[in-house]
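In what follows, a single structure is set out as structure tokens and then discussed.
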Amino acid sequence: MDLFIDFETYFDSQIKYDLKHISVTEYIRDPRFKVFGAGIAFNGDPVKWLNSKELNVFFKRTNLQNCTIIGHNIKFDGAILAWHYNVLAGQWIDTKGMSRAVLGKSIKNHSLATLAEHFKLESKGHLNTNGKLTLTPQEEKELADYCIHDVELCREIFDRLVIDFPTSEYSIMDQTIKMFVQPKLKLNVPLLRDASVEEAKRRANIFAEIGIDKSVFASNVKFPVLLSREGYEVPTKESPRKKDEQGNSLKIPALALGDPDFLELMENGDERLKTLCEARIAAKSTLLETRSAKLASIGQTGNWPFDVEFSGADQTHRFSGGSGAGGNPQNFTRGSVLRKAVEAPEGFELIVGDFSNIELRIQAYLSKDPGLIEAIEKNRDIYCDFASAFYGKTITKADEKERRFGKTAILGLGYGMGWLKFIKTVRLQTGETISEEQSRKAVDLYRTRYNQIPELWKKLDSYISKLCNPEGIYQEFGLPVKFVFGELLLPSGLKIRFPNLRRELGERNQPEWIYDVYTKGHLEKRKLYGGKVLENICQGLAGEICKDSMRELEDLVVGQVHDELLILSSKGLLASNLGRVKRAMTNSPSWLKEMKLDAEVGHGTNWLEAK
DNA sequence: GCTTGACGCGCC
DNA sequence: AAAAGGCGCGTCAAGC
């Protein structure tokens with residue numbers, strides 16, 4: 001039995017009680033939270049409006065445990081059901097997640113209104129109940145009509161998306177929603193609160209000591225002015241977006257952590273300059289302070305909903321970080337108090353499993369590169385392997401600097417990076433400055449030592465034209481993906497899409513492969529080439545492997561970050577669950593059986609300790 | 001006063 | 001011949 005549902009609730013933007021100002025979790029757990037009613041429909045039945053009172057009766061009388069509950073952005077409705085009505089679904093389905101998976105970046109966004117337009121359905125209505133705490137009978141009637149139409153739209157959109165949504169994905173989508181609506185992890189509120197206060201003090205002190213306001217350092221206009229006024233030369237770079245009338249990139253100051261010239265400024269020996277640059281970084285790094293404060297306030301209200309978005313990375317179908325419970329869990333600072341504050345409940349232990357070099361392994365086995373495969377199968381350290389060849393002497397884990405260089409090369413050069421970008425990457429990731437000659441040597445060494453990788457780029461480059469064949473004949477070329485018109489089919493049936501793929505003349509009149517994607521509601525052109533096809537495939541396949549493990553570990557999984565799984569185990573079952581996690585994460589996928597996988601599995605009372 | 005774009009920061 | 005990419009969030013500046 002399917003139940004389609006959409007809740008209508010009170011909000012007031014004037015007092016900042018709405019989803020623009022606070023997260024879904026804070027909104028629903030707030031004492032001001034109030035349900036006006038909901039539109040519901042079983043299967044194809046007419047949609048009914050039930051007001052707040054009628055809903056109480058309905059949920060008391062109806063057992064939905066074996067029901068599939070479907071909604072647009074179901075984490076919202078699911079959290080209301082679970083937290084206010086104590087109602088859990090047998091399975092949750094989110095039509096917004098389905099839309100990301102099926103339509104991807106070929107559509108400007110995945111709102112109900114946009115989807116209605118896309119599928120040529122009767123448009124979504126307009127209604128504004130902002131600030132209304134009680135409704136007149138007339139207002140309730142209007143809200144009911146509006147809501148009923150939304151549920152009808154949701155159902156019709158579901159009926160259309162269901163055709164192309166792979167069956168294998170329902171269980172994973174359900175898991176991601178359960179991680180949110182049935183949260184199991186705790187947040188250490190005092191720890192987070194202290195951290196936020198301390199970080200605020202630390203940052204404030206920096207500006208107080210210099211005697212210049214934070215706003216000067218935080219401003220991309222004022223900070224370069226300050227530097228030049230003090231007699232320093234401001235480095236520049238090309239803006240990625242801003243263009244002049246001729247379409248040439250405009251120069252903007254290069255004063256960010258990702259700009260090698262900025263790092264040079266800090267290290268050129270001028271103490272005053274160093275102080276100013278450090279203040280710049282302090283002004284721009286707000287994550288620790290703001291995130292710990294937000295998580296502290298979430299932690300006060302209950303367990304921590306783990307929020308990731310299904311197919312949020314809609315090119316490769318990996319998860320993206322959600323914002324429903326204190327901010328994106330995918331970018332918690334490594335080794336920080338944010339991870340330390342995420343705790344297993346009493347009597348439980350947190351297990352963290354991390355796939356070892358999963359993308360590198362996929363690259364190795366797809367390209368069948370003998371050097372890479374041998375290193376993997378003999379458990380050799382690939383970073384040392386490359387560094388030894390580069391430096392012409394044996395490098396071991398003890399040679400930290402050299403090994404770090406090897407790691408940067410191995411992880412960076414697999415998708416076609418050139419020598420110029422590699423200089424920058426090495427500077428940013430290792431702090432070292434290498435010459436053009438050294439960079440060219442590293443790039444050449446990578447491409448000759450693991451020569452099957454560039455061979456695969458070349459092959460994939462030549463297969464791009466097959467994606468333009470409207471006949472849509474499946475071709476596999478010995479890879480676990482199928483090439484169809486305009487898209488690559490992953491083993492799950494999810495598609496990596498290249499909408500409107502075509503040949504265009506680029507710089508110097510060279511023909512290039514171009515496709516269109518919507519980013520932030522705007523249509524943008526993207527280039528396509530062999531290295532990038534390989535990257536998309538590797539990321540997509542890595543995501544599928546991770547999902548296989550999630551499926552196997554079922555409801556033990558309480559969180560997921562890229563190649564990492566968070567699992568909760570009762571203390572009594574710790575030993576057996578550690579083994580279970582390791583097995584689930586080292587199973588070779590059915591579509592690349594010869595590939596050897598590995599995972600690091602640790603445990604502890606909190607996320608930091610477990611990893 | 002509000003929205004939008006641009007940039008920078010954090011993670012993999 | 002050569003080409004690394006993708007998320008979410010906070011803040012400032014410009015536009016209305």
Side-chain angles (χ1 to χ4, degrees), chain A residues 13-14 20 23 100 105 214-223 237 239-243 250 252-259 262 280-291 293-294 307-309 311-324 326-336 338-339 354-355 357-359 363 408 411-422 424-425 428 443 447 454 457-458 460-461 506-508 510-513 517 519-522 526-540 542-543 546 560-564:
Chain A
S13 61
Q14 266 207 324
K20 216 174 173 179
S23 66
R100 279 194 302 266
K105 286 188 191 296
K214 187 195 77 177
S215 60
V216 176
F217 295 100
S219 163
N220 292 340
V221 176
K222 294 171 193 160
F223 182 59
K237 62 180 171 187
S239 165
R241 299 194 147 268
K242 279 197 222 160
K243 304 246 159 98
L250 290 175
I252 57 171
L255 298 171
L257 281 171
D259 300 319
F262 176 70
R280 162 74 170 179
I281 297 168
K284 285 291 192 186
S285 305
T286 59
L287 190 150
L288 199 56
E289 183 180 330
T290 54
R291 198 67 68 80
K294 282 172 82 175
D307 193 5
V308 285
E309 300 281 354
S311 272
D314 43 19
Q315 186 67 7
T316 61
H317 300 287
R318 301 185 81 169
F319 301 103
S320 68
S323 53
N328 183 1
Q330 292 183 332
N331 71 347
F332 279 18
T333 317
R334 276 172 307 202
S336 76
L338 296 177
R339 290 184 193 234
D354 200 338
F355 287 103
N357 285 332
I358 189 159
E359 279 188 51
Q363 282 175 29
T408 306
L411 297 183
L413 296 174
Y415 299 126
M417 189 190 292
W419 65 267
L420 195 59
K421 175 115 190 196
F422 187 60
K424 184 174 171 180
T425 304
L428 298 178
V443 171
R447 294 181 185 179
W457 301 340
K458 232 188 278 174
L460 290 170
D461 214 51
E507 284 172 41
R508 289 180 309 224
Q510 293 295 319
E512 297 171 328
W513 291 109
V517 294
T519 38
K520 294 183 178 161
H522 301 288
R526 291 285 160 85
K527 287 184 198 176
L528 192 61
Y529 50 88
K532 188 159 155 186
V533 176
L534 180 60
E535 183 186 10
N536 277 200
I537 291 176
C538 289
Q539 288 200 353
C546 196
Q560 197 277 355
V561 173
H562 298 296
D563 306 327
E564 182 179 336

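Each chain gets a letter, A, B and so on, in the order its sequence line appears, and its residues count up from 1.
The interatomic distance linking Lys421(A) (NZ) with dA4(C) (P) rounds to 6 Å, in whole Å. Atom-to-atom, CG of Leu428(A) to C1' of dA4(C) comes out at 13 Å; the value is rounded to the nearest Å. Computed from coordinates, the Trp457(A) CH2 to dA1(C) C1' distance equals 13 Å when rounded to whole Å. Nucleotide dG6(C) holds its C1' atom 11 Å from the CD atom of Glu359(A), rounded to whole Å. In this structure, Lys284(A) places its NZ atom 14 Å from P of dG10(C), rounding to the nearest Å. The distance between atom CG of Asp461(A) and atom P of dA1(C), rounded to the nearest whole Å, is 11 Å. Taking atom CZ on Arg291(A) and atom P on dG8(C), their separation rounds to 12 Å, with Å as the unit. Distance, Asn220(A) CG to dC12(C) C1': 7 Å, rounded to whole Å.
Where DNA chain B meets chain A (any atom under 4.0 Å from a heavy atom), the bounding nucleotides read 5' to 3' are dT3(B) to dC12(B).
If Tyr529(A) and Lys294(A) are placed on DNA chain C by their nearest nucleotide, the residue sitting closer to the 5' end is Tyr529(A). Of the two residues contacting DNA chain C, namely Arg526(A) and Pro511(A), the nearest-nucleotide position lying further toward the 5' end is that of Pro511(A).
Nucleic acid contact for Lys458(A): none, since no nucleic acid atom lies under 4.0 Å from a heavy atom of the residue. Phe332(A) comes within contact range of the sugar-phosphate backbone alone, with a heavy-atom separation under 4.0 Å but no base atom that close. When heavy atoms are screened at a 4.0 angstrom cut-off, Asp563(A) is found touching the sugar-phosphate backbone but no base atom. Among the protein residues, Ile281(A) comes within range of no part of the nucleic acid, since none of its heavy atoms lies under 4.0 Å from any strand. Note on Gly418(A): only backbone sugar-phosphate atoms sit closer than 4.0 angstrom, heavy atoms only; bases stay farther off. In this structure, Arg318(A) reaches neither bases nor backbone, as no heavy-atom distance under 4.0 Å exists between it and the strands shown. Among the protein residues, Thr425(A) comes within range of no part of the nucleic acid, since none of its heavy atoms lies under 4.0 Å from any strand. Contacts of Lys214(A) with the nucleic acid, taken as non-hydrogen atoms under 4.0 Å apart, are absent.
Contact check for Asp461(A) versus Val533(A): no side-chain heavy atoms found under the 4.5 Å cut-off. A 4.5 Å side-chain heavy-atom check between Glu359(A) and Leu534(A) finds every atom pair outside the cut-off.
Taking CG of Leu428(A) as the reference point, atom CG of Leu257(A) lies at 9.0 Å (rounded to 0.5 Å). Of the inter-residue distances, the one linking Lys424(A) atom NZ with Asp259(A) atom CG reads 6.0 Å to the nearest 0.5 angstrom.
The phosphate of dA13(C) (OP1 or OP2) has a side-chain N or O of Ser219(A) nearer than 4.0 angstrom.
Closest approach to the Glu535(A) side chain among dG6(C), dG5(C), dG8(C) is made by dG5(C) (side chain taken as heavy atoms from C-beta onward). Among the nucleotides dG8(C), dA1(C), dA4(C), the one closest to any side-chain atom of Gln510(A) is dA1(C). When distances run from any side-chain atom of Val221(A) to the nucleotides dA13(C), dG5(C), dT11(C), the shortest one goes to dA13(C). Distance from the side chain of Ala313(A) is smallest for dG6(C) among the nucleotides dG6(C), dA3(C), dG8(C).
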Open item on the list: For a side-chain contact (heavy atoms from CB on, under 4.5 Å) check, start with the C-alpha distance between Trp457(A) and Arg447(A), then their side-chain angles and the critical distance, and finish with the verdict.
Closed with: CA-CA 11 Å; Trp457(A) 301 340; Arg447(A) 294 181 185 179; 3.6 Å; yes

Task: Criterion side-chain contact (heavy atoms from CB on, under 4.5 Å) on Lys284(A) and Asn220(A), from CA distance to verdict - done: CA-CA 10 Å; Lys284(A) 285 291 192 186; Asn220(A) 292 340; 3.4 Å; yes

Open item on the list: Apply side chain to side chain donor-acceptor pair (under 3.5 Å) to residues Tyr415(A) and Gln539(A) and explain how you reach the verdict.
Closed with: CA-CA 11 Å; Tyr415(A) 299 126; Gln539(A) 288 200 353; 6.0 Å; no

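A side-chain donor-acceptor contact under 3.5 Å links Thr425(A) to the backbone of Lys421(A).
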